[in-house]
Amino acid sequence: MAPHKSSSSSVPFTANSNNTMSDFQSEASDLLPSMSSNVAGEPSRTVKPQPKPDSMLKSFLAGGVGGVCVVLVGHPLDLIKVRMQTGVGGSVLGMFADTFRQHGIRGLYRGVSAPLIGVSPIFALSFWGYDVGQRFVRWSTGHEGELTLTHKCIAGGLSAIPTTIVMAPVERIKCLLQTSSAGQYKGFSDCAASVYRSGGVTSLYRGTILTLLRDGPGSVAWFGMYEFTKKAMMQAQGMEDTSQLSPIAVLTAGGLAGIANWSIAIPPDVLKSRFQSAPDGTYKNIADVYRQLVQKEGHGALFAGLRPAMLRAFPANAACFMGMEVARKALSFMD
Ligand SMILES: CC(=O)O[C@H](CC(=O)[O-])C[N+](C)(C)C
């Protein structure tokens with residue numbers, strides 16, 4: 001049989017959605033459309049041939065590029081979000097202007113070393129985990145052909161498990177850097193070393209469950225919305241494949257994915273930021289973070305930072321998915 005060629009190499013943007021079948025499944029499904037009935041004369045199920053899956057290394061590398069894009073576009077607003085969540089008052093614009101006036105562009109990118117070092121692997125793991133998740137769903141359900149949106153949402157949720165292993169300590173250091181006074185830490189490694197010296201790995205991993213509570217549902221919404229929007233736009237334009245979508249369509253799907261993620265992620269994110277940036281001994285456990293927050297500041301405090309998070313969500317995630325798709329295309333020699 002002629003080698004099955006992925007459609008990704010001939011189109012501007014490669015969709016990630018249905019590239020996860022094993023080679024065996026992909027080749028087997030090639031045979032099926034030609035069979036219209038089985039031996040008993042009953043019509044047999046025909047399965048749309050699937051493109052060869054992308055290599056998982058390619059998903060990992062393309063996801064890493066997406067991560068760099070998300071940080072470069074989204075960091076200044078992320079900084080303001082964390083400050084608002086940890087008790088610094090003011091409007092988004094006011095805080096933006098004040099930071100810029102006092103510290104210039106460097107001030108807006110304060111603490112960027114942590115996400116730049118950490119976010120690339122996190123997004124690499126996220127896209128890799130999504131691929132693995134789709135393969136797992138296919139294997140556990142025996143589903144052939146294109147996965148449904150529900151399958152993809154489950155795969156998205158599963159992607160949060162490997163992601164959290166890196167995300168939790170990186171977020172801990174990022175929150176400390178973003179809320180510390182100027183000069184308290186020299187940078188990412190200084191802060192990480194100081195946390196490790198004072199409390200070991202346990203301290204570095206403070207906030208892991210809250211990170212998972214934020215990113216499990218968030219990833220379901222993130223990948224689900226990206227796939228849903230791409231498919232809707234593909235159908236609206238009478239296209240055969242999401243890989244035919246324009247850059248504007250990819251940017252729109254990515255931006256909406258970010259909005260979907262942050263529409264549900266803010267309350268656990270607030271609790272996580274509080275927990276991770278508080279001095280040792282402030283909280284007994286996660287429930288205590290919630291109790292103290294609601295008691296002192298009311299339920300509204302659970303939505304602190306919603307505005308900067310939402311302002312950041314669209315451009316940062318549009319850039320992320322665009323960077324990921326461009327990198328995937330550039331890495332098509334790995335197919
Ligand atoms: C919290 C976070 O990193 O969310 C990602 C989107 C964003 O705006 O950074 C999504 N995901 C957790 C799936 C990587």
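Remember, it's 1-based here, ligands and their atoms both numbered in the order they're listed.
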Under 3.5 Å: N/O of W262 near N/O of ligand 1 =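 Looking only at distances, the answer is yes, because the N/O contact criterion of under 3.5 Å is met.
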Among the clusters formed by ILVMFWY side chains lying less than 4.5 Å apart, do V220 and I266 turn up in the same one?
->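 Not linked; separate clusters.
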If you have a sec, work out which protein heavy atom is nearest [atom] and how many Å separate them, to one decimal?
atom                   : result
atom 6 (C) of ligand 1 : N317 OD1, 3.3 Å
atom 4 (O) of ligand 1 : N261 ND2, 3.6 Å
atom 5 (C) of ligand 1 : F123 CZ, 3.8 Å
atom 9 (O) of ligand 1 : R312 NH2, 3.0 Å
atom 3 (O) of ligand 1 : M167 CE, 3.4 Å

Qualifying residue, where the test is ring pair (Phe, Tyr, Trp, His ring centres under 6.0 Å) with W222 and the options are F127, Y130, W262 |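 When F127, Y130, W262 are each tested with W222, the ring pair (Phe, Tyr, Trp, His ring centres under 6.0 Å) holds only for F127.
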Considering W222, F314, Y130, which one's heavy-atom position lies nearest to atom 11 (N) of ligand 1?
->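 Result: the heavy atom closest to atom 11 (N) of ligand 1 is in W222.
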Could you list which atoms of ligand 1 come closer than 4.0 Å to a heavy atom of R214?
->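 Listed by number with element: 1 (C).
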Which ligand 1 atoms are under 4.0 Å away from a heavy-atom of D215?
->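 Answer, ordered by atom number: 1 (C), 12 (C).
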Any chance the side chains of T99 and R110 put a donor and an acceptor closer than 3.5 Å?
->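 No - no donor-acceptor pair under 3.5 Å links their side chains.
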Could you tell me whether the side chains of Q292 and K296 share a donor-acceptor contact shorter than 3.5 Å?
->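 Yes, side-chain donor-acceptor contact under 3.5 Å.
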Lys/Arg N to Asp/Glu carboxylate O, E146 vs R138, below 4.0 Å =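 Salt bridge absent between E146 and R138.
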Taking NZ, NE, NH1 and NH2 as the nitrogens, is one of them in E171 or R206 under 4.0 Å from a carboxylate oxygen of the other?
->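 Not counted as a salt bridge, because no side-chain N and carboxylate O are separated by less than 4.0 Å.
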4.0 Å heavy-atom contact, S219 with ligand 1 |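 Right, S219 reaches ligand 1.
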Looking at T211, T164, V195, I165, which one forms a side chain to side chain contact (heavy atoms under 4.5 Å, CB included) with Y205?
->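 Only match with Y205 under side chain to side chain contact (heavy atoms under 4.5 Å, CB included): I165.
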